[in-house]
Amino acid sequence: MYILGVSCYFHDASAAILRDGVLLAAAEEERFSRVKHDFGFPSRAIQFCLDQAAIDGTQVDYVAFFEKPFVKFDRILQNAFQEVPKSAAVFRQAITAWLLDKLWIKNRLRDALGVPADRILFVEHHQSHAASAFFCSPFDDAAILTVDGVGEWATATTGRGRDRTVDLTHEIHFPHSLGLLYSAFTAFLGFEVNEGEYKVMGMAPYGRPIFVDEVRRLVNVAPDGSFSLNLEYFEFQHSTSRTYSDAFVKLFGEPRGVETLFFTEASGFPSYFGEKPTNYAELAAANQRYADIAASIQLVTEETLITMARAACERAGSSRLCMAGGVALNSVANGRILREAGVTDLFIQPAAGDSGAALGAAMFVHHQVLGHPRGFVMEHAAWGQEHSMDAIRAAASTSGFTAEECADEDTMLDRTAELIASGRVVGWHQGRFEWGPRALGQRSILADPRRAEMKDVVNVKIKFREPYRPFAPSVLADRADDYFDTCGAERQYPARFMLLVEPVRPEARPVLPATTHVDNSARLQAVVQSATPRYYELIRRVGRLTGVPVVMNTSFNLRGEPIVNTPAESISTFARSGLDALVMDTLILHKS
Ligand SMILES: [Fe+2]
């Protein structure tokens with residue numbers, strides 16, 4: 001039995017396909033269309049899933065859509081009517097978009113795939129999120145917590161997963177939303193909503209949480225984990241262009257300029273920013289205030305999530321927790337949940353945001369609607385497209401770069417480890433690309449984290465990132481505790497998906513200067529041998545040369561572009577950047 005899950009028309013469009021409940025393929029549309037966060041109908045991702053299953057659309061037994069469009073439309077209409085006349089623009093825009101596309105999704109899917117309409121099922125958005133976590137986890141019984149901006153009505157749920165069912169017992173409804181609260185601060189701090197949330201998280205360690213009392217005026221959290229927003233501070237409920245209100249600005253001051261340079265006294269002025277401005281001290285002080293605001297919203301978010309996680313576990317009578325929704329990508333909060341919420345085992349799959357709801361919808365139909373038994377655990381994130389050695393050779397042959405084809409995998413791993421250990425920055429393209437927003441050793445840029453200058457080298461040569469975006473360390477899972485104070489790097493799945501921020505051990509801080517954040521934390525990836533053997537073996541060999549089994553890992557893309565998929569895209573990125581070498585399967589390209 002084949003079930004295709006689809007997510008689109010909101011954030012990151014995606015498709016995923018199951019055969020008898022086992023995941024065969026899952027990918028975001030942006031990797032094919034090359035449009036970042038592409039939310040349109042995911043024709044290419046669907047075709048990729050069908051190709052991977054070696055079937056055509058008519059052989060799909062069920063299509064599962066990641067939300068119920070009519071219920072969502074009803075919420076938008078009800079909200080618009082309540083807020084008239086302030087919401088006139090929202091109403092106009094919603095009517096146009098929904099009548100054009102979103103309400104016709106069933107026809108679109110039927111026409112694209114040739115599947116009868118009665119085989120197209122719509123799963124509630126938070127049930128899709130919940131299913132994407134619980135049914136991919138190794139747990140038979142666990143508490144569930146989903147938190148995002150908004151689905152149909154729900155913005156957060158708690159419940160319990162048992163065997164083939166997820167049962168969501170408590171919901172919080174729009175406009176009360178932890179995701180939208182965080183997004184309001186994301187916009188206020190000068191970042192794009194749904195894109196810049198992790199920048200707020202990265203900026204927070206530069207600040208002190210001295211505005212916590214002000215943030216708490218915006219959100220009331222009860223001991224049972226329920227919360228409500230004080231709506232006078234927000235505009236998102238009746239505006240398409242503004243998320244926070246004048247009262248918000250009165251409380252926190254003028255918003256930060258859109259995408260302006262961020263630096264404080266702690267970060268200094270990075271060389272790759274160019275010439276130091278004459279009013280440096282004034283700008284650094286202004287940024288310090290914004291960092292303090294980021295620290296405050298981050299702290300309130302963490303504490304709210306800890307309260308919610310604890311409540312979810314108490315209600316479910318379990319210390320195992322499955323989390324999903326965009327807010328579950330807050331890796332600093334996840335680390336604290338494992339430490340402070342009484343959670344012994346945490347599961348989050350790598351596409352915790354809306355793209356992952358395509359997978360969840362398909363899992364929900366397989367287990368909960370059709371009642372089929374469980375038989376899948378997501379051990380790794382490599383569910384995207386792979387390219388053959390012939391395709392790699394063909395792309396390399398016309399690239400103009402010097403190609404070195406290694407005799408075997410062993411030689412390639414030794415050569416690549418030597419390059420990294422000798423200070424080269426390497427593009428690493430191996431196997432199937434990753435599911436979700438993180439590069440996890442399938443399409444990564446790798447370097448030596450022992451070299452403090454690597455941060456600047458990679459920023460100058462390749463990807464210009466502000467100081468609040470630290471680079472991540474990939475470490476052998478069985479050696480992680482030598483460097484990080486982990487909650488169990490081998491046992492906790494979020495660690496292998498780079499979804500946990502952990503403290504760097506004091507003695508390891510000088511060893512890993514390129515991947516240690518300003519607050520001595522790191523968003524590490526614990527690399528598990530059985531799940532990703534080739535990447536594990538590379539890091540092991542780097543460790544043999546350097547004494548430190550850790551590499552610096554950042555996503556293989558240029559600023560503003562989606563992560564690469566094909567050999568041609570990897571070569572193009574190699575050509576347009578300061579990367580020293582590009583390793584694709586066993587072929588290595590050099591610039592000279
Ligand atoms: Fe969502």
Side-chain angles (χ1 to χ4, degrees), residues 3-18 21-31 37-39 42 45-46 48-49 63-67 122-137 142 144-151 154-157 161 166 168 179 194-195 197-198 321-331 334 346-368 376-384 432-440 442 493-494 496-500 562-563:
I3 303 178
L4 178 76
V6 174
S7 159
C8 64
Y9 298 146
F10 196 35
H11 297 141
D12 298 275
S14 71
I17 194 159
L18 310 180
V22 174
L23 181 62
L24 294 180
E28 283 145 349
E29 181 72 1
E30 66 162 31
R31 304 296 172 92
H37 301 303
D38 194 342
F39 60 86
I46 289 173
F48 158 68
C49 286
V63 179
F65 195 64
F66 82 125
E67 63 177 14
F122 294 84
V123 180
E124 254 178 58
H125 186 62
H126 278 257
Q127 283 186 321
S128 297
H129 275 317
S132 79
F134 180 67
F135 292 135
C136 291
S137 80
I144 295 174
L145 171 63
T146 66
V147 192
D148 70 357
V150 61
T155 66
T157 73
V166 293
L168 301 179
N194 296 325
E195 157 75 24
E197 279 74 6
Y198 67 96
L321 178 67
C322 291
M323 281 179 69
V327 180
L329 292 167
N330 194 311
S331 45
N334 297 342
L346 181 63
F347 185 88
I348 307 171
Q349 58 93 17
D354 278 352
S355 56
L359 166 64
M363 286 282 179
F364 185 89
V365 168
H366 186 75
H367 296 299
Q368 191 140 343
F376 173 76
V377 176
M378 191 182 283
E379 299 288 350
H380 59 78
W383 303 104
R432 302 176 67 174
F433 69 71
E434 298 89 344
W435 168 236
R438 303 272 99 88
L440 299 168
Q442 310 294 125
Y493 282 77
R496 68 174 76 177
F497 300 136
M498 220 187 255
L499 289 170
L500 280 186
I563 299 176

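From a predicted model like this one, the values you see are computed outputs, not experimental measurements.
- Here CZ of Phe347 is found 12.5 Å from CE of Met323. Values are rounded to the nearest 0.5 Å.
- No more than 12 heavy atoms of other residues, nucleotides or ligands sit less than 6.0 Å from atom CZ of Phe39.
- Between atom NE2 of residue His366 and atom CD of residue Gln368 there is a gap of 12.5 Å, rounded to the nearest 0.5 Å.
- Classification of the His367-Phe135 ring pair by plane angle, with boundaries at 30° and 60°, yields tilted.
- Across every non-hydrogen atom of Leu329 and Gly353, the tightest pair is CD1-N, 4.2 Å.
- A 4.5 Å side-chain heavy-atom check between Cys136 and Met363 finds at least one atom pair inside the cut-off.
- Proximity of a side-chain donor or acceptor of Glu434 to a complementary backbone N or O of Ala381 within less than 3.5 Å is not detected.
- Here the OH atom belonging to Tyr198 is positioned 7.5 Å from the CZ atom belonging to Arg438, to the nearest 0.5 angstrom.
- Side chain of Asn334 to main chain of Ala328: a donor-acceptor pair is present (N/O by atom type, distance under 3.5 Å, no hydrogens or angles).
- Proximity of Phe433 to Ile563: side-chain heavy atoms (C-beta onward) are nowhere separated by under 4.5 Å.
- Using a 4.5 Å cut-off on side-chain heavy atoms (C-beta onward), Phe65 and Ser128 make no contact.
- Between the NE2 atom of His37 and the CD atom of Glu30 there is a distance of 6.5 Å, given to the nearest 0.5 Å.
- Shortest non-hydrogen contact noted between Cys49 and Ile17 is O-CG2, 3.6 Å.
- A 4.5 Å side-chain heavy-atom check between Asp354 and Asp12 finds every atom pair outside the cut-off.
- Asp148 and Val150 make their closest contact through OD1-N, 3.3 Å (heavy atoms, listed as atom of the first residue, atom of the second, distance).
- Checking each of His125, His129, His126 against Phe66 for a ring pair (Phe, Tyr, Trp, His ring centres under 6.0 Å) leaves exactly one that passes, namely His125.
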Practice task
Decide yes or no on side-chain contact (heavy atoms from CB on, under 4.5 Å) for Phe497 and Ile348, but give the supporting numbers first.
Solution key: CA-CA 8 Å; Phe497 300 136; Ile348 307 171; over 6 Å; no
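- The closest side-chain donor-acceptor pair between Thr146 and Thr157 falls under 3.5 angstrom.
- Taking all atoms of both residues into account, the shortest heavy-atom contact from Leu346 to Leu500 is CD2-CD2, 4.4 Å.
- The CG atom of Leu145 lies 10.0 Å from the CG atom of Leu168; values are rounded to the nearest 0.5 Å.
- Trp435 pairs in a side chain to side chain donor-acceptor pair (under 3.5 Å) with only one of the listed residues (His380, Glu28, Gln442, Gln349), which is Gln349.
- Using a 4.5 Å heavy-atom cutoff, the side chains of Met378 and Tyr493 are not in contact.
- Minimum heavy-atom separation, Met498 to Ser331: O-CB, 4.5 Å.
- Within the 4.5 Å cutoff, the side chain of Ser7 has heavy atoms near those of the Ser14 side chain.
- Residues Phe376 and Leu23 are in side-chain contact: their nearest non-hydrogen atoms beyond the backbone lie under 4.5 Å apart.
- Taking all atoms of both residues into account, the shortest heavy-atom contact from Ile3 to Ala64 is CG2-CB, 4.5 Å.
- Distance CZ/Phe48 to CZ/Arg432: 5.0 Å, rounded to 0.5 Å.
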